[in-house]
Amino acid sequence: MPELPEVEVCRRGLLPGVAGRRISRALVRFPRLREAIPENLGELLAGRTVVDIARRGKYLLFDCRGEADRGWLIVHLGMTGNLRLVAGDRPPGRHDHVDLVFDDGVLRFSDPRRFGVVTWHPGADPGCHPLLAGQGIEPLSAAFDGAWLYAATRRRSGPIKTVLMDAHTVVGVGNIYAAESLFRAGISPLRAACRIGRERCDRLAAAIKATLADAIAAGGSSIRDYVHSDGSSGYFQIACAVYDRAGQACRRCRGTIRQIRQAGRSTYYCPACQH
DNA sequence: CGTTACCCCTGGAGGC
DNA sequence: TGCCTCCAGGGGTAAC
């Protein structure tokens with residue numbers, strides 16, 4: 001359950017349940033995710049208190065204070081990961097790879113496809129961790145605007161949709177919201193990024209912000225197996241304008257939504273509305 | 001340097 | 001009811 005809005009909703013959902021809680025121990029049942037979970041994660045976490053959860057792109061950063069030091073539990077949900085607060089006596093399922101055990105409950109990481117990440121970064125600044133060091137600009141930050149996008153795309157000859165999904169450029173915009181943002185801005189996903197003018201960059205940056213903000217406000221996602229941090233079924237059908245609507249009528253012009261393939265991913269767009 | 005093809009992995013959907 | 005193929009929110013790497 002992946003893109004920035006889902007991760008942010010997850011962060012906000014978990015925060016009241018874990019902030020200020022002490023981790024008594026951590027269990028790693030299956031360490032082989034996108035990269036190996038540190039074998040000594042249990043020792044690293046035991047006795048620490050989670051004081052806050054931050055987010056960088058699609059990464060969740062748990063601020064873990066020890067008696068003398070500070071460190072960060074870094075979690076990425078991949079395609080199918082989720083974090084849920086469950087009762088301590090709830091038996092783990094097949095894909096429940098990690099438990100953080102609190103006195104009165106368990107924060108459980110589950111990920112069937114195992115594209116996620118659970119790792120540890122010692123010290124005060126998680127930003128220097130290799131996974132985070134190369135991350136691009138936060139699209140909801142004030143620094144991200146049309147001027148920034150224009151400057152960042154001048155030497156990018158690839159299609160704009162692929163550029164938007166490159167986390168080294170902009171973080172958090174995945175396959176669904178890239179398509180939705182481009183529709184909102186009236187820009188074709190096929191257009192070379194460097195051939196989008198300054199004013200259209202303004203519109204695109206604004207469309208990305210609005211699309212992500214709307215999805216966060218809606219509390220989640222268009223994702224089928226999206227599950228809230230409390231475990232409730234969180235299938236909010238956000239009315240996608242183009243994503244997963246191949247062959248259906250464009251809500252704006254009644255033309256037909258087209259599906260193509262870009263860099264191995266499905267792209268949906270309206271050829272009449274997007275140029 | 002920038003871009004693409006392929007890989008990681010499981011599960012669900014749909015065709016036969 | 002199988003069994004097979006294709007597809008899915010991400011992202012790193014190798015190769016052009």
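Naming: A, B, ... by sequence-line order, numbering from 1 per chain. Keep in mind that what you see is a predicted model, and the values were worked out from it rather than measured.
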Which residue lies toward the 5' end of DNA chain C, Leu131(A) or Arg113(A), if each is placed at its nearest nucleotide?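 The residue mapped nearer the 5' terminus is Arg113(A).
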To the nearest Å, how far apart are [X] [atom1] and [N] [atom2]?
{"X": "Arg156(A)", "N": "dC1(B)", "atom1": "CZ", "atom2": "C1'", "answer": "10 Å"}
{"X": "Met165(A)", "N": "dT3(B)", "atom1": "CE", "atom2": "C1'", "answer": "15 Å"}
{"X": "Leu212(A)", "N": "dG9(C)", "atom1": "CG", "atom2": "P", "answer": "16 Å"}
{"X": "Met79(A)", "N": "dC9(B)", "atom1": "CE", "atom2": "C1'", "answer": "10 Å"}
{"X": "Tyr268(A)", "N": "dC7(C)", "atom1": "OH", "atom2": "C1'", "answer": "9 Å"}
{"X": "Leu33(A)", "N": "dC9(B)", "atom1": "CG", "atom2": "P", "answer": "11 Å"}
{"X": "Ile74(A)", "N": "dG11(C)", "atom1": "CD1", "atom2": "P", "answer": "14 Å"}
{"X": "Asn175(A)", "N": "dC7(C)", "atom1": "CG", "atom2": "P", "answer": "13 Å"}

Residue pair Arg48(A), Asp63(A): steps toward the salt bridge (charged side-chain N to carboxylate O under 4.0 Å, His left out) verdict: CA-CA 9 Å; Arg48(A) 289 180 184 273; Asp63(A) 187 350; over 6 Å; no
Looking at [X], does any N or O in its side chain come under 4.0 Å of the phosphate oxygens OP1/OP2 on [N]?
{"X": "His95(A)", "N": "dT10(B)", "answer": "no"}
{"X": "Lys58(A)", "N": "dG9(C)", "answer": "no"}
{"X": "Arg265(A)", "N": "dG10(C)", "answer": "yes"}
{"X": "Arg114(A)", "N": "dG11(B)", "answer": "no"}

Check: Thr211(A)/Glu180(A) side-chain N/O donor and acceptor closer than 3.5 Å: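 No, because no side-chain N or O of Thr211(A) sits under 3.5 Å from a partner of the opposite role on Glu180(A).
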So what does [X] touch, heavy atoms closer than 4.0 Å: a base, only the sugar-phosphate, or nothing?
{"X": "Arg94(A)", "value": "sugar-phosphate"}
{"X": "Tyr59(A)", "value": "sugar-phosphate"}
{"X": "Arg34(A)", "value": "sugar-phosphate"}
{"X": "Gly158(A)", "value": "sugar-phosphate"}

Considering only [options], which nucleotide approaches the side chain of [X] most closely?
{"X": "His168(A)", "options": "dG10(C), dA8(C), dG12(C)", "value": "dG12(C)"}
{"X": "Thr80(A)", "options": "dG2(B), dG9(C), dG11(B)", "value": "dG9(C)"}
{"X": "Ser157(A)", "options": "dG9(C), dT3(B), dA8(C)", "value": "dT3(B)"}
{"X": "Ser266(A)", "options": "dG10(C), dC9(B), dA8(C)", "value": "dA8(C)"}

Taking the cut-offs as 6.0 angstrom to the six-membered ring centre and 45 degrees off its axis, would you call Arg55(A) and Tyr59(A) a cation-pi pair?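 No, Arg55(A) does not sit over the ring of Tyr59(A).
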Identity of whatever pairs with dC9(B) - Watson-Crick or G-U, under 3.5 angstrom: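 When the pairing criteria are applied, nothing turns out to pair with dC9(B), so the answer is none.
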Compare all side-chain heavy atoms of Arg265(A) with those of Asn175(A) and state whether any distance is below 4.5 angstrom.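 Heavy-atom side-chain distance check passes, below 4.5 Å.
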Is it the case that more than 12 heavy atoms not belonging to Arg155(A) sit under 6.0 Å from its CZ atom?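 No.
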For dG9(C), glycosidic torsion class - syn if within 90° of 0, otherwise anti: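 Syn for dG9(C); the angle stays within 90° of 0.
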Test applied, side chain to side chain donor-acceptor pair (under 3.5 Å); reference residue, Asp99(A); option that passes from Arg25(A), Arg90(A), Arg108(A):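 Of the listed residues Arg25(A), Arg90(A), Arg108(A), the side chain to side chain donor-acceptor pair (under 3.5 Å) partner of Asp99(A) is Arg108(A).
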Pick the nucleotide of DNA chain B nearest each of Ala263(A) and Arg155(A); which residue has the one closer to the 5' end?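 It is Arg155(A), whose closest nucleotide lies nearer the 5' terminus.
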For Phe115(A) and dC8(B), are the ring centres under 5.5 Å apart with planes inclined under 30°?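 By the stated criterion, Phe115(A) and dC8(B) stack.
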